[in-house]
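Chain A is the first sequence line, chain B the second, and so forth, proteins listed ahead of strands; every chain is numbered from 1. When reading the values below, keep in mind they use all heavy atoms of this one structure, side chains included, and skip hydrogens, waters and symmetry mates. Keep in mind the model is a prediction, meaning the values are calculated, not measured.
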2 protein chains.
Amino acid sequence: MARKQGSHSDISGPKIRKAALRLFAQKGFAAVSMRELATEVGVQAGALYNYTSDKQTLLFDLMRAHMEEVLSAWSAHPPEVAPLDQLDAFSRFHINFHFDRAHEIFVAYMELRNLTPQNFQALEALRRQYETELEVILISGQKSGVFQVKDTRVTARAVSAMLTGINTWYRDGKTLSRPEIVEMYVDMVRGIAGVRV
Amino acid sequence: MARKQGSHSDISGPKIRKAALRLFAQKGFAAVSMRELATEVGVQAGALYNYTSDKQTLLFDLMRAHMEEVLSAWSAHPPEVAPLDQLDAFSRFHINFHFDRAHEIFVAYMELRNLTPQNFQALEALRRQYETELEVILISGQKSGVFQVKDTRVTARAVSAMLTGINTWYRDGKTLSRPEIVEMYVDMVRGIAGVRV
DNA sequence: GTCTATAATCAGATAGAC
DNA sequence: GTCTATCTGATTATAGAC
């Protein structure tokens, strides 16, 4: 024990990413120093640079990994046929996926302004790709007449903002359970989409 | 001209607040230095401390001023009787009020984590006060049966997130005008509240 | 009220020993 | 791969002249 040196690439990598996500989410990217992150992980500051070329790249890699996981998970989701079922499935997927990724979603939506222009463009492309998944659903329901939507792009953004907003206040173990939250939001998303009640 | 010294309390104060809001919104509180802010205003860094005791207080004062303005403006709003009219009025008020305060709303909702615990508590009280204004409307409409709402607190948060989200993407002069945005969101808020179409 | 100058600390990133 | 040590520059905030 008390080993001060040695190779830990198999455990330090995940520890760094996990600690960085938590610290960036809680204090903000600019407010977290590499020294603080290193202390949290249990290494010296210099050791972090074996895992990332610089602080900016660390942030970008975390954000990109999150968006790619979202897109991948949604792609692997069982498909629905009817637009209304698709919309409900999207709501449930989004909420459940982010319940256990509070830090990820916080960083992904709050630290966009701390990305370099190039990294911002790359991440914005992924974000738009995800938003388009929702917009496609809205368009199909709009065509079939089951949704009353004036502008699918604006509606997709409104739905996204509402769903993502859950993570700014919901904490487990309070008065409401996760399934209760999910079903309430499924209903409210239907309302935004103009589904006749 | 080219006056390097002298008294400017009447103009430096507002200039500092305006520049701080813009910089904090664009780059984040932690990423903006007092030197950068001073340069933006056109003074030296030390001169800023004639207007604020420290950087934290500057942030808090900006956020508190914004929330108090929101509450004050909503209080001065002409009252409506019917819950549906109240809800529409709230949607219109919130959107229009924040159209010209993009920086303020960005700072107010993104920099909460950079407040000291004491300042956070104070601001959270104001934020909750505003949210309660909306919840009261939802409760009255719930009682009268014009709204189909399961949980007024959750619904108020959902509406807030959706309305506030406008400022993350809307810019003037694009395809959509402000009144168009307002009316679309008024409809979507009705949908969240379960108003039968 | 603003300036210049400075104190005291901390930032990101690197070099070389092990 | 991690450590210690360090470089270079930036940070908040203050002191005293004008």
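Residue A:Ser12 places no side-chain N or O under 4.0 Å from the OP1 or OP2 atom of D:dG1. Regarding contacts with the backbone of C:dT2, every side-chain N or O of B:Ser7 stays at 4.0 angstrom or more from both OP1 and OP2.
A search for side-chain hydrogen bond (donor to acceptor under 3.5 Å, both in side chains) contacts involving A:Glu68 returns nothing, not counting sequence neighbours. In this view, A:Thr152 and A:Glu135 satisfy the side-chain hydrogen bond (donor to acceptor under 3.5 Å, both in side chains) rule, not counting sequence neighbours. Looking at residues two or more places apart in sequence or on another chain, you find a side-chain hydrogen bond (donor to acceptor under 3.5 Å, both in side chains) between B:Asn119 and B:Gln56, B:Thr116.
Closest to the side chain of A:Tyr51, from the set D:dG1, D:dC3, C:dT2, is D:dG1. Nearest to the side chain of B:Gln44, among D:dC3, D:dT2, C:dT4, sits C:dT4.
Between B:Thr39 and B:Glu36, the side chains place no donor N or O within less than 3.5 Å of an acceptor N or O (distance only, hydrogens not considered).
Sorted by first and then second residue, the side-chain hydrogen bond (donor to acceptor under 3.5 Å, both in side chains) pairs involving residues 186-197 of chain B (not counting sequence neighbours) are A:Lys150-B:Asp187, B:Asp88-B:Arg190.
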**Report entry** Trace of the ring pair (Phe, Tyr, Trp, His ring centres under 6.0 Å) decision for B:Trp74 with B:Phe97
**Finding:** CA-CA 9 Å; B:Trp74 173 245; B:Phe97 187 85; over 10 Å; no
Query raised in the report: Are B:His94 and B:Tyr185 close enough, and set up right, to give a side-chain contact (heavy atoms from CB on, under 4.5 Å), and what steps lead you there?
Result: CA-CA 11 Å; B:His94 184 96; B:Tyr185 272 82; over 6 Å; no
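Between A:Lys15 and A:Glu40 no salt bridge is recorded (no basic side-chain N to carboxylate O distance below 4.0 Å).
Stems are defined here as 3 or more consecutive Watson-Crick or G-U wobble pairs with pairing distances under 3.5 Å; those involving DNA chain C are C:1-18 with D:1-18.
In this structure, the CG atom of B:Asn50 is 10 Å from the P atom of C:dC3, given to the nearest Å. Going from atom CG of B:Leu48 over to atom C1' of C:dT2 covers 11 Å, rounded to whole Å.
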Report task. Could you encode protein contacts along nucleotides 10-15 of chain C as a string, one character per nucleotide from 5' to 3', using B for base contact, S for sugar-phosphate-only contact and - for no contact, with a heavy-atom cut-off of under 4.0 Å? Result -> -BBBB-
